[in-house]
Amino acid sequence: MNTLGRTLLATTALGTATLAYAAGIERRHWTLRQATVPVLAPGSAPLRVLHISDLHMLPGQKSKQRWVAALDELEPDLVVNTGDNLAHKQAVPAVIRALGPLLNRPGVFVFGSNDYYAPRPKNPARYLLPSAKTKRIHGIPLPWRDLRAAMVERGWLDLTHERRTFEVAGQPVFAAGLDDPHLKRDRYADIAGPVPDAALRLGVTHSPEPRVLDPFAADGYDLVLAGHTHGGQLRLPGYGAIVTNCDLDRSRARGVSRWGAHMWLNVSAGLGTSPYAPVRFACPPEASLLTLVPRPVDAGQTASAAERDTRFGVGGNVR
């Protein structure tokens with residue numbers, strides 16, 4: 001075999017191995033991303049917030065269901081779900097099994113496009129185009145009302161175009177949320193206005209579009225939680241996310257970052273994928289555990305967040 005033949009063979013083998021890893025291993029490599037974020041009012045006690053997003057659940061994904069349910073062992077003070085829970089019209093029971101014990105804790109949620117509509121096969125090249133130039137393709141309607149009813153019945157608050165004040169671990173939290181900006185269902189005017197004093201002033205959205213992050217920051221929110229990006233889903237070492245599937249810049253595709261002078265943003269890389277693109281590379285599925293602590297009192301102090309990734313509670317056969 002000549003040099004060209006050997007090169008082609010090696011390249012093919014590497015590509016096959018990479019695809020096998022991305023589809024068969026990494027997309028089930030459940031990971032807990034932890035961060036300490038200085039966003040609380042001075043004098044507040046720390047709060048532990050569990051951020052779950054983009055489950056894209058299919059009925060038979062037992063490993064994912066077990067892993068998410070085991071997150072209750074972290075004893076979060078508040079659970080925030082930023083949408084895209086469903087990937088199948090019969091997946092509501094699977095989502096409720098996954099969230100089961102967490103539904104006994106204080107929780108808030110908004111929905112994403114894949115709560116309203118099932119995914120459809122798409123040309124993967126579409127994701128390399130600017131989002132403004134892509135046409136939204138909707139699948140069949142999904143039973144999001146059933147999912148909403150189950151969450152609300154267990155006590156979670158639907159923040160879709162709502163402003164709510166409630167108590168978490170004995171401290172006042174003010175929160176507001178939007179319907180999915182990716183589908184252009186957001187109406188920020190419904191929640192606009194300065195936020196009241198609270199230990200935490202929290203914004204919740206599925207897609208982290210700058211056009212909604214800017215007004216959250218202008219109104220005085222401390223922290224916004226979002227999902228949608230899948231962290232890029234396919235990341236290149238040394239480069240990061242290739243795309244974000246929204247107008248957010250690539251550097252913020254996952255994890256904690258600053259947005260403006262006073263607000264923080266956490267974008268979850270999520271726990272699932274579309275069933276028509278079941279691969280992840282250099283971007284394992286994740287949930288986020290955020291330890292919120294008081295922000296510095298001295299304006300001259302520089303606040304920073306610390307992040308780390310861990311495996312958590314992985315057991316049994318993966319599927």
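Considering only residues two or more places apart in sequence or on other chains, Arg201 meets the salt bridge (charged side-chain N to carboxylate O under 4.0 Å, His left out) condition with Asp222. Partners of Trp144 under the ring-ring contact (aromatic ring centres under 6.0 Å, His included) rule, at least two apart in sequence or in another chain, are Tyr116. When the salt bridge (charged side-chain N to carboxylate O under 4.0 Å, His left out) test is applied to Asp179, the partners found at least two apart in sequence or on another chain are Arg185. Scanning for salt bridge (charged side-chain N to carboxylate O under 4.0 Å, His left out) contacts around Asp249 gives Arg252, with sequence neighbours left out. Listed by chain and residue number, nothing satisfies the salt bridge (charged side-chain N to carboxylate O under 4.0 Å, His left out) test with Asp180 (two or more places apart in sequence, or in another chain). For Asn114, the side chain to side chain contact (heavy atoms under 4.5 Å, CB included) partners are His56, Asp84, Pro119, not counting sequence neighbours.
The hydrophobic cluster around Ile191 extends to Phe174, Leu178, Tyr188, Val195, Val212, Leu213, Phe216, Tyr221, Val224, Leu248, Trp259, Met263, Leu265, Val267, counting ILVMFWY residues whose side-chain heavy atoms fall within less than 4.5 Å of a member. Under the 4.5 angstrom side-chain criterion for Ile, Leu, Val, Met, Phe, Trp and Tyr, Ile140 has no cluster partners at all.
Residue pairs satisfying the salt bridge (Lys or Arg N to Asp or Glu O under 4.0 Å) criterion with at least one member in residues 36-45, sequence neighbours excluded, are absent. Sequence neighbours left out, the pairs with a member in residues 148-169 that pass salt bridge (Lys or Arg N to Asp or Glu O under 4.0 Å) are Arg148-Asp158. Identified under the salt bridge (Lys or Arg N to Asp or Glu O under 4.0 Å) test for residues 228-242, with sequence neighbours left out: none. Residue pairs meeting the salt bridge (Lys or Arg N to Asp or Glu O under 4.0 Å) criterion with at least one member in residues 86-112, sequence neighbours excluded: Asp72-Arg105.
With hydrogens and angles disregarded, no donor-acceptor distance shorter than 3.5 Å links the side chain of His51 to the backbone of Asn81.
We find the CG-NE2 distance between Leu142 and His88 to be 9.5 Å, quoted to the nearest 0.5 Å.
By the 4.5 Å heavy-atom criterion applied to side chains, Phe109 and Thr82 are not counted as neighbours. By the 4.5 Å heavy-atom criterion applied to side chains, Leu102 and Pro76 are counted as neighbours. For the pair Thr273 and Val279, the minimum side-chain heavy-atom distance is 4.5 Å or more.
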